[in-house]
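Presented below is the structure to which this report refers.
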Amino acid sequence: RRFFHLPEKKYEKIPREKVEEFIRLADGIKSGNFEEQLKKYRVDYFIQDKEKDINWKLSELDFLQPLVEINNLIIYKVN
């Protein structure tokens, strides 16, 4: 901000317990069933960038239906 001669901005610190709570939530999502997690959070569509997410094997997941591919992005419908 100083480089651009902008006024300094005060940021509110996130409490340590909130950060730890978020990390636990993220770990739970990663270790859980992917389909259940998507439905739990009411995800209707899922987007994959084929260039950046080359290791994702989404075609193996029968609950994702590919709808359209634009450039290197694939949009899936979550069934």
- Task: Verify the neighbour count for atom CD of Glu8: are there more than 12 heavy atoms of other residues, nucleotides or ligands below 6.0 Å?
- Result: no
- Task: Please name the pair of heavy atoms, one in Val78 and one in Val43, separated by the smallest distance, quoted to 0.1 Å.
- Result: CB-O, 3.5 Å
- Message: Distance check, rounded to the nearest 0.5 Å: Ile54 atom CD1 versus Lys52 atom NZ?
- Response: 12.5 Å
- Linking I/L/V/M/F/W/Y whenever their side-chain heavy atoms sit closer than 4.5 Å, directly or via other members, would Ile70 and Tyr45 fall into one cluster? yes
- Query: Are more than 12 heavy atoms from other residues, nucleotides or ligands located less than 6.0 Å from atom CZ of Phe22?
  - Reply: no
- Query: Between CD1 of Ile75 and CD1 of Ile47, what distance do you get to the nearest 0.5 Å?
  - Reply: 5.0 Å
- Pairs involving residues 70-79, ordered by first then second residue, that meet side chain to side chain donor-acceptor pair (under 3.5 Å) (sequence neighbours left out): Gln48-Tyr76, Glu51-Asn72
- Query: Is there a donor-acceptor pair closer than 3.5 Å between any side-chain N or O of Asp53 and the backbone N or O of Trp56?
  - Reply: no
- Item | For Lys39, all residues meeting side chain to side chain donor-acceptor pair (under 3.5 Å), sequence neighbours excluded | Glu35
- Does Leu25 CG have over 12 foreign heavy atoms under 6.0 Å away? yes
- Query: Under a 4.5 Å side-chain heavy-atom rule over Ile, Leu, Val, Met, Phe, Trp and Tyr, are Leu67 and Ile74 clustered together?
  - Reply: no
- Message: Using 30° and 60° as the class boundaries, would you call the ring planes of Phe46 and Phe34 parallel, tilted or perpendicular?
- Response: perpendicular
